[in-house]
Amino acid sequence: MLEAREATLQQLMVRAVAGDEAAYRTLLTELSVSLRAFYRKRLVNLPAEVEDLVQETLLAVHNQRHTYDVTRPLTAWCFGIAKYKFVDLLRRRARHEALTDPLDDERELLGAQDPTSGDARRDLLQLLETLPDRQRLPIMHVKIEGRSVVETAQLTGISESAVKVGIHRGLKALAALVSAAS
């Protein structure tokens, strides 16, 4: 059964490369079904990414179709491309998540203060005033007032990722100020 499917897909690819539009449409439809299953199995926790990866892979297949060697299995060639697209997604997400990982030092910096102590609050506010707005405002809105990153982005007019980066950098700067004062 798999050999027959492989032969059918290879034949469709050969015809598609030769200019047969109907064969090409059929090939892309067949490949998209297989790719969707491939990605769904690997992206159980990220179902929203499946369709994007299917489209990215089909685009790569289209752009690289001239490199396909008809003596090799088409599915192996396509799934090789799919694996690269999958790894690319993981790399993109890893870079993005590195910016959004929770910081341990924020709990130490803000959690160590007694909320009933007016002196500690005043000291914190004085330290925050030394930070630039792009760091101070996200910390004030998210960490002190308890607003969400989305609300803070809308309120300040900066992007959500800039809010997260501002919090991260601001907390590091505050930690350095507190360490220097000790």
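This one's a predicted model, so the numbers in the text were calculated from it and none came from an experiment.
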Legend entry - Arg65 atom CZ, neighbour heavy-atom count above 12 within 6.0 Å: yes
Legend entry - Within 6.0 angstrom of Gln126 CD, more than 12 heavy atoms from elsewhere: yes
Legend entry - Verify same cluster id: Phe86, Val33 (apolar side-chain graph, 4.5 Å): no
Side-chain contact test, heavy atoms from C-beta onward, threshold under 4.5 Å: evaluate it for [X] versus [Y] and give yes or no.
X      : Y      : result
Tyr68  : Met13  : yes
Pro138 : Ile158 : yes
Val70  : Val17  : no
Leu131 : Leu137 : no
Ile139 : Leu174 : yes
Asp69  : Trp77  : no
Arg15  : Tyr24  : no

Inset, instruction - Assess the side chains of Ser34 and Arg5: does a donor N or O sit below 3.5 Å from an acceptor N or O? - result: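 Result is yes, a qualifying pair exists.
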Minimum heavy-atom separation for [X] to [Y], with atom names?
X      : Y      : result
Val142 : Ser148 : CG2-O, 4.0 Å
Ser159 : Ala153 : C-CB, 4.0 Å
Ala23  : Ala16  : CB-N, 4.3 Å

Measure the spacing between [atom1] of [X] and [atom2] of [Y] and express it to the nearest 0.5 Å.
X      : Y      : atom1 : atom2 : value
Leu12  : Asp20  : CG    : CG    : 8.5 Å
Thr75  : Leu9   : OG1   : CG    : 7.0 Å
Arg134 : Ile167 : CZ    : CD1   : 14.5 Å
Gln10  : Thr8   : CD    : OG1   : 9.5 Å
Leu31  : His62  : CG    : NE2   : 13.5 Å

Per-pair distances, 0.1 Å, donor-acceptor, side chain in residues 46-59, under 3.5 Å, sequence neighbours excluded:
residue	atom	partner	partner atom	Å
Glu51	OE1	Arg36	NE	2.8
Glu51	OE2	Arg36	NH2	2.9
Thr57	OG1	Tyr39	OH	2.6
Thr57	OG1	Leu53	O	2.7

Inset, instruction - Using salt bridge (Lys or Arg N to Asp or Glu O under 4.0 Å) as the criterion, list what pairs up with Arg25, not counting sequence neighbours. - result: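 With sequence neighbours excluded, Arg25 shows a salt bridge (Lys or Arg N to Asp or Glu O under 4.0 Å) to no residue whatsoever.
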Keeping the roles fixed (side chain from [X], backbone from [Y]), state whether a donor-acceptor pair exists under 3.5 Å.
X      : Y      : value
Glu6   : Leu74  : yes
Arg42  : Phe38  : yes
Gln135 : Pro132 : no

Legend entry - Derivation and outcome, side-chain contact (heavy atoms from CB on, under 4.5 Å), residues Val14 and Gln11: CA-CA 5 Å; Val14 169; Gln11 188 60 281; 4.0 Å; yes
Inset, instruction - Scan residues 125-159 for pairs that pass ring-ring contact (aromatic ring centres under 6.0 Å, His included), counting only residues two or more places apart or in two chains. - result: none
